[in-house]
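Below is one structure, written out as structure tokens, with a few remarks after it.
Naming convention: chains lettered A, B, ... in sequence-line order (proteins, then strands); numbering from 1 in each chain. Fair warning: this is a prediction, and the values are worked out from it, not measured in the lab.
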2 protein chains.
Amino acid sequence: MTLTIPDILEERCTTRQALERLASKWRVLLIYALLAGPQRHAELRRRVAGITQKVLTETLRDMEHDGLVERQVLKQTPPQHVEYALTTLGKTLQEPLAAICAWATEHPAGLHRVAS
Amino acid sequence: MTLTIPDILEERCTTRQALERLASKWRVLLIYALLAGPQRHAELRRRVAGITQKVLTETLRDMEHDGLVERQVLKQTPPQHVEYALTTLGKTLQEPLAAICAWATEHPAGLHRVAS
DNA sequence: CGGGATCCAAATTGATACTG
DNA sequence: CAGTATCAATTTGGATCCCG
């Protein structure tokens, strides 16, 4: 009701830019998956149904470079062991994300795809 | 902390599907713009910087068909007067959306684009 | 196992021109 | 004014093959 609307509608607005980066299907799902704790590449691939190796790698790297995810190599030998974990910053997304998920859960009939 | 993670990671999960539909840059911005009240096509185009007429029309129609937005034609004469407004359902997005925006505002340094 | 490199098909977008 | 139609230009995604 008393929401103050910032000028996030401006292209230069940093809030809008952050928002645009978050508004991604895979990012949201990955963050969600990672809330359960650090996980490996193959693990995430299995958990996040539908994601391909390429997209997974790309998304993780983007998120890492945005400071949301941390990548740790545990072994250097060829059978590499790599884990991804949310950073402190990434974890702060839990609450707002939960709010969205709660909404999506509460309004299952909302975004039904109506045949044109 | 005590967040129960639903299996939104499954492709068939309706919550995930709703989420995927919401996770769109333009949708988020449009909803935000529309929180200020019903607005016209040209008005929205001006407010939501960077959106093109085509994408605006498409996004509005998608949101309309998802039950988030309502379209009302006020005049039938050639210089048409069309207004778009959030539906009751659409308005319920205000809170979760505000949570995300608040996050984005609080973490301006978060999603900085680091030159590769 | 993790992921870089390619090649290619498919989906998005941008720019214009046109209509009720 | 609002919106459709079209076509070219990107972007994005999927499928493979390969390497440390």
Have a look at Arg45(B) and say if it touches a base, only the backbone sugar-phosphate, or nothing, with a 4.0 Å heavy-atom cut-off. nothing
Give a yes or no answer on whether the side chain of His65(A) reaches the backbone of Asp62(A) with a donor-acceptor pair at less than 3.5 Å. yes
So which heavy atom on Arg16(B) is nearest to which on Glu10(B), and how close? CD-O, 3.2 Å
Check: Leu22(A) and Val28(A) side chains under 4.5 Å, non-hydrogen atoms: no
Please round to the nearest 0.5 Å and tell me the distance separating atom CH2 of Trp103(B) and atom CG of Leu89(A). 4.5 Å
Take atom OH of Tyr84(A) and atom C1' of dG2(C), then tell me their distance rounded to the nearest Å. 7 Å
Value in whole Å for how far the C1' atom of dG3(C) lies from CD of Gln53(A): 5 Å
Gln72(B) side-chain N/O to Tyr84(B) backbone N/O, donor-acceptor pair under 3.5 Å: no
First and last nucleotide of DNA chain D in contact with chain A, 5' to 3', at under 4.0 Å to a heavy atom: what are they? dG13(D) to dG20(D)
Rounded distance (Å) that lies between atom P of dG14(C) and atom CG of Leu56(B): 12 Å
Rounded to the nearest 0.5 Å, what's the gap from CZ on Arg71(A) to CE on Met63(A)? Could you check? 14.5 Å
Residues Arg40(A) and Glu83(A) bridged, charged N to O under 4.0 Å: no
Are any side-chain N or O atoms of Arg47(A) and backbone N or O atoms of Leu9(B), one a donor and one an acceptor, separated by less than 3.5 Å? no
With a 4.0 Å limit, can you tell me whether Arg71(A) has a side-chain N or O closer than that to the phosphate oxygens OP1/OP2 of dG3(C)? yes
Whole angstrom is fine here: how far is it from CD1 in Ile51(A) over to C1' in dG2(C)? 14 Å
Can you measure Glu58(B) atom CD to dA11(C) atom C1' for me and round it to whole angstrom units? 11 Å
Tell me whether the side-chain N/O atoms of His41(A) come closer than 4.0 Å to OP1 or OP2 in dG3(C). yes
Considering only nitrogen or oxygen atoms on both sides, find all protein atoms under 3.5 Å from nucleotides 18-20 of chain C and state each distance.
unit_1, atom_1, unit_2, atom_2, d
dG20(C), N2, Pro78(B), O, 2.7

Between atom OG1 of Thr87(B) and atom CG of Asp66(B), what is the distance when rounded to the nearest 0.5 Å? 10.0 Å
Using atom CD of Glu83(A) as one end and atom P of dC1(C) as the other, report the distance to the nearest whole Å. 15 Å
Can you check the Arg27(B) CZ to dT12(C) P distance for me, whole Å? 12 Å
Tell me the interatomic distance from Glu64(A), atom CD, to dG2(C), atom P, rounded to whole angstroms. 15 Å
